[in-house]
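In what follows, a structure is listed as structure tokens, so that the remarks can point back to it.
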Amino acid sequence: MALNKTYDPREIESRWYRFWEESGYFAPADSGGGAGAPYCIMIPPPNVTGSLHMGHAFQDLIMDGLIRYHRMRGRNTLWQPGTDHAGIATQMLVERAINAEGKTRHDYGREKFTGKVWEWKEQFGGAIAGQLRRLGASADWGNERFTMDAGLSEAVKEVFVRLYDEGLIYRGKRLVNWDPVLLTAVSDLEVVSEAESGVMYYVRYPFVGDEDNGIIIGTTRPETILVDGAVAVHPDDARYQSLTGRRVWVPMTEPRRAIEIIADDYVQADFGSGCVKVSAAHDFNDYQVYLRHPDKDIPLIVLFTPDAKMNDNAPRQYRGLDRYDARKQIVRDLRGRGLLIKEEPHQYKLPRGDRSGAVVEPMLTDQWYVDLTRETLADGRPGGKTRITDPAIAAVRDGCVQFVPENWSKTYYQWLENVEDWCISRQIWWGHRIPAWYDDDGNVHVGADEAAVREKYGLPASCKLRQDEDVLDTWFSSALWPFSTLGWPQQTERLQTFYPTSVLVTGFDIIFFWVARMIMMGVKFMHQVPFHQVYIHGLVRDAHGRKMSKSKGNVLDPIDLIDGISLAALVEKRTSGLMRPQDAAAIEKQTRRDFPDGIPGFGADALRFTFAALASTGRDINFDLGRTEGYRNFCNKIWNAARFVLMNTEGEDCGQNGGRMELSLADRWIISTLQRSQAEVNRAFGNYRFDHAAKAIYELVWHHYCDWYVELCKPALNGDRRHQNGEQQLRGTRHTLVRVMETMLRLAHPIMPFITEEIWQAVAPLAGRTGPTIMLQPYPLEQPDEVDEAAEREMRRVIDIVLAIRKLRGENRVPPGRRIPVLIAGPGPANGRASKQAPALHAEAAVYIETLAKTEAIQMSGARPSAANSAMLVAGDMQIILPLDGLADAQSEIKRAARELKQLERLIARSTEKLSNRDFIEKAPAVVVEKERARLGDLRSKKSQLGAQWEGGPGNGR
RNA sequence: GGGCGCUUAGCUCAGCCGGGAGAGCGUCGCCCUUACAAGGCGAAGGUCGCAGGUUCGAUCCCUGCAGCGCCCA
């Protein structure tokens with residue numbers, strides 16, 4: 001089977017992926033019988049609405065690399081795929097489509113609307129799975145799961161009911177983040193605060209009984225003055241100490257209300273006027289003040305409707321106004337009454353819903369919570385802190401879960417140690433409906449379904465029940481993902497086999513949302529952590545470190561990097577559907593500058609290799625397309641090396657059927673080098689250092705195998721007389737050539753699965769390996785007995801000498817094609833010092849040098865010859881002398897030699913100084929001192945050899 | 001305000017346990033040498049952010065500062 005002349009990733013990739021999937025190679029051995037130890041990764045389920053972005057691609061390629069690696073290591077491997085129903089995001093998306101028809105979701109009603117969402121999911125929800133396949137993801141597609149499917153829904157209900165029955169889920173009226181556009185509560189984590197500029201208003205509240213005087217407060221939200229319950233100052237603030245306990249009138253209220261000036265530590269004396277208003281129903285800090293002063297009778301008045309308009313608690317003239325219109329109106333009115341003392345520009349953090357972008361409003365509403373903060377419940381049972389939070393902290397503290405890199409555990413602790421109760425109810429339709437039913441008296445009954453509830457609470461059929469309208473936070477079901485996907489609450493074999501999973505691969509941005517909650521739920525319900533390690537990777541940014549975003553117009557689509565995209569299509573993609581269409585021109589200009597020819601298709605393997613090479617220490621990665629191009633070239637290099645191997649081994653005796661073999665120096669060297677690389681790559685996979693793995697593979701293939709080994713094989717393979725050492729050696733070389741290639745393919749397979757499979761199919765039989773696919777072959781491990789230090793040493797000499805000769809050739813402008821004579825002298829006594837008698841240059845080595853440095857037959861000499869007009873270099877214990885007669889202008893050689901001499905003198909001076917330092921001799925480890933001495937010796941002998949040459953060489957007589 | 005991280009060649013980044021500064025891309029020079037021009041060979045290019053400290057010795061450890069970034073309040 002021959003390879004095409006050119007490497008065409010597109011054709012290869014689709015062919016092999018289909019073969020793998022249809023052959024069932026991605027599925028684990030469920031029964032576990034006879035298979036290796038289980039290895040399992042749960043995919044962080046992408047939103048069902050999502051399409052693949054660079055972050056997914058990066059994350060998924062790391063997972064696929066790990067999965068393929070461990071599968072080849074013989075583990076019983078499961079990569080569990082699936083998607084998340086993404087409540088708010090998905091509902092918004094489908095709702096937008098409905099809005100476009102001029103309707104709202106209320107026109108359909110709950111049943112029909114969720115039906116529409118399911119339809120949408122069936123039609124479009126599979127997109128991301130298709131894209132993952134393009135990347136080569138070897139997930140168990142036959143068992144794909146969805147957070148809303150029947151099994152996972154059962155798990156959700158089970159968990160809810162059990163937590164409720166243990167008193168760890170409760171319903172309560174609390175201040176929550178309310179999204180006035182989506183009309184639902186959202187959790188703290190779904191709120192993002194960014195600095196925006198606003199105005200600080202200073203308002204005078206007149207004293208009761210002394211209305212010409214008053215206290216001045218600073219506020220950024222003057223509209224909430226209307227529901228103020230107190231004014232607060234810092235207890236140590238000398239300016240106000242005498243005022244605490246006095247009462248002031250709340251401006252603009254009708255009828256007038258008076259409130260008390262109280263003292264509370266939370267007030268910052270040096271901020272604003274040092275005096276703040278307290279509107280406890282609409283500010284989280286104020287609410288805490290309210291809770292801290294139960295004796296003060298601070299009123300808790302709600303001011304807004306769910307869509308953030310002024311309600312009936314506001315004076316008549318403000319009712320029905322939007323909160324911002326109301327603010328303008330009130331500021332005008334305050335100014336009119338002379339109560340607005342001052343306005344100044346002010347930077348403050350404005351909290352917005354991460355989905356809607358609307359400014360969220362703290363609102364007092366009834367919601368469901370998971371208790372994470374109580375030591376004990378009112379009835380004496382252990383509370384959520386004891387049962388859920390503390391065990392999750394302990395799991396990491398005790399090392400049952402390890403973060404990689406380790407310091408992310410700090411982030412984890414910091415959050416969990418300050419965690420609030422988890423608001424799990426959402427006022428939307430798409431999601432797991434809360435399994436709670438109310439009777440006509442408002443009593444709540446919790447159970448898996450209505451029938452279960454009736455039975456559990458002994459409710460007769462005559463008792464009417466109405467299910468809670470809310471659905472659960474999407475992350476509630478995600479938190480169960482590591483065991484719900486495996487069949488829990490059923491005790492399935494899959495669950496037994498694969499829980500706890502091996503490692504979680506995810507971004508730092510969802511440590512709180514997801515990682516912590518999975519650990520909580522895993523420990524609570526499975527009594528075991530959900531995964532042993534958490535590999536946290538960085539964010540994928542653009543080449544210059546900017547976050548990729550639609551509005552910046554710097555987004556890259558991983559599929560475009562695989563397939564390529566024209567400039568026109570890329571511009572179209574980046575400029576359509578912008579939030580701010582006025583950005584289009586700038587984005588187009590920037591795109592045309594960055595990608596004047598569009599993006600060529602690099603193939604999935606090159607993309608995968610790029611991500612591996614950039615995945616260093618969990619820090620963010622700046623995605624540079626130049627790297628991908630370089631790794632596409634690397635694919636091409638492997639491709640062509642394989643073609644070379646096949647040309648020289650197909651139909652030949654490569655020893656796969658036995659027969660005596662003799663290995664050349666080069667053969668022994670490359671085999672030994674291969675062992676080093678194998679050790680390095682395996683170590684790197686163990687440490688999650690994919691960059692090290694990629695680098696080791698790159699260097700082995702390109703710099704060791706292609707640059708040196710293949711070149712060294714050529715003469716023998718081409719029938720060069722000097723290399724004709726009989727059939728045994730030829731067989732040995734062919735065998736090594738093909739065997740090392742075959743091993744390199746297996747070594748690289750987890751990172752670049754497609755090209756390695758394509759080539760392996762052709763190469764493996766020649767290496768005596770059989771099997772339907774490379775992906776189920778054993779992963780190469782280091783064989784210590786194949787390390788050959790003697791061969792490594794000898795080849796090191798060859799390489800040093802060749803490099804030295806090439807350097808001389810290059811600097812003296814000797815044409816690459818021209819064979820030149822070379823003298824190699826030494827080893828001889830090095831200037832006054834007894835030098836180790838190095839073994840004479842191996843005959844094989846001499847031939848290698850002649851081949852790779854394009855020289856005539858090397859003349860060896862024990863003594864240093866005095867060749868006039870020649871260039872000389874020292875490599876190890878050898879002097880390389882190139883007669884330059886008729887080759888080049890000696891002038892350049894004089895300059896070069898002078899430069900080198902100067903450099904040597906600098907190094908010698910530094911080394912001498914170090915060695916004459918008594919402290920160094922006495923305190924540094926003996927090995928280091930010895931090494932330094934040897935180094936100085938080398939430098940000195942090099943210098944003396946060069947110096948001698950200088951006298952008798954090119955400088956002589958000029 | 002609290003916490004975390006980063007600063008090494010023009011660009012993107014490695015650098016292990018403290019002991020002679022590395023890679024890829026880019027640049028320059030020479031080559032279409034029968035696997036590969038998506039290639040080969042060679043070269044130039046760095047005060048390791050700044051200032052102290054520890055040490056015989058610091059890119060590496062410690063302290064402070066500056067700049068950049070992220071998370072939490």
Legend entry - Centroid separation A/Tyr290 to A/Tyr287 less than 6.0 Å: yes

Inset, instruction - Answer yes or no: is there an ion pair linking A/Lys695 with A/Asp691, defined by an N-O contact shorter than 4.0 Å? - result: no

Inset, instruction - Give one of base, sugar-phosphate or nothing for A/Val927, where a contact means two heavy atoms less than 4.0 Å apart. - result: nothing

Legend entry - Rounded distance in Å between the C1' positions of B/C60 and B/U7: 14 Å

Inset, instruction - Tell me the stems RNA chain B sits in, counting at least three consecutive Watson-Crick or G-U wobble pairs, each under 3.5 Å on both distances. - result: B:1-7 with B:66-72, B:10-13 with B:22-25, B:27-31 with B:39-43, B:49-53 with B:61-65

Inset, instruction - With the side chain of A/Lys807 defined as its heavy atoms from C-beta on, choose the nearest nucleotide among B/G42, B/G19, B/G5. - result: B/G42

Inset, instruction - Determine the contact category for A/Ile921: base if any of its heavy atoms lies under 4.0 Å from a base atom, sugar-phosphate if only primed atoms, P, OP1 or OP2 are that close, otherwise nothing. - result: nothing

Inset, instruction - Using the P atom as the reference point in each nucleotide, state the distance between B/U8 and B/U59 in Å, no decimals. - result: 15 Å

Inset, instruction - Determine whether any donor atom in the side chain of A/Gln414 lies under 3.5 Å from an acceptor atom in the base of B/A73, or the reverse, and answer yes or no. - result: no

Inset, instruction - Would you please confirm or rule out a distance under 4.0 Å between OP1 or OP2 of B/G42 and any side-chain N or O of A/Arg806? - result: yes

Inset, instruction - Confirm from the modelled atom types if A/Arg935 and B/G20 form a donor-acceptor pair under 3.5 Å, side chain to base only. - result: yes

Inset, instruction - For the pair A/Tyr705 (side chain) and A/Ala641 (backbone), establish whether a donor and an acceptor sit closer than 3.5 Å, ignoring hydrogens and angles. - result: no

Legend entry - Candidate nucleotides B/A35, B/G20, B/C70, ranked by approach to the side chain of A/Val710 - the nearest: B/A35

Legend entry - Sequence-distant partners of A/Lys931, side chain to side chain contact (heavy atoms under 4.5 Å, CB included), two or more places apart: none

Legend entry - Option among A/Tyr413, A/Trp422, A/Trp415, A/Trp475 that satisfies the ring pair (Phe, Tyr, Trp, His ring centres under 6.0 Å) test with A/Phe512: A/Trp415

Inset, instruction - Using a strict cut-off of less than 4.0 Å between a Lys/Arg side-chain nitrogen and an Asp/Glu carboxylate oxygen, indicate whether A/Arg632 and A/Asp605 qualify as a salt bridge. - result: no

Legend entry - Interatomic distance, A/Trp415 CH2 vs B/A73 C1' [rounded to whole Å]: 15 Å

Inset, instruction - Output the single nucleotide from B/C72, B/A38, B/G15 whose closest atom is nearest the side chain of A/Phe512. - result: B/C72

Legend entry - A/Glu699 side chain to A/Ser677 side chain, donor-acceptor N/O pair below 3.5 angstrom: no

Inset, instruction - Kindly say whether, by distance alone, the side chain of A/Lys410 makes a donor-acceptor pair under 3.5 Å with the base of B/C4? - result: no

